[in-house]
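One structure below.
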Amino acid sequence: MQAVAEAREEGPGTAGAFACPPPPAARTSAREQLQQLEQLARAELALLGLRAAAQPAAPLPCPEHASVAWDLGLDAADL
């Protein structure tokens, strides 16, 4: 039970929406909030682009397997 409590105290990390900075003490305008969200989205897209570039492309299935998958109602990605 102690390990669960300790894990919660650590926090979720810096991925995704959890990477948002804490809200400032003063109220920000809607325009400033949108600009902050846009900056965060651009940073996340850049990170995803780097991760995608680092991974090798998945091999394409052969046409015969893709045809059988189609006949079975499956997506070729399920092969």
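- Residue pairs satisfying the salt bridge (charged side-chain N to carboxylate O under 4.0 Å, His left out) criterion with at least one member in residues 32-43, sequence neighbours excluded, are listed as follows: Glu38-Arg42.
- For Leu48, the side chain to side chain contact (heavy atoms under 4.5 Å, CB included) test picks out no residue, with sequence neighbours left out.
- In this structure, CG on Leu40 lies 9.5 Å from CG on Leu45, to the nearest 0.5 angstrom.
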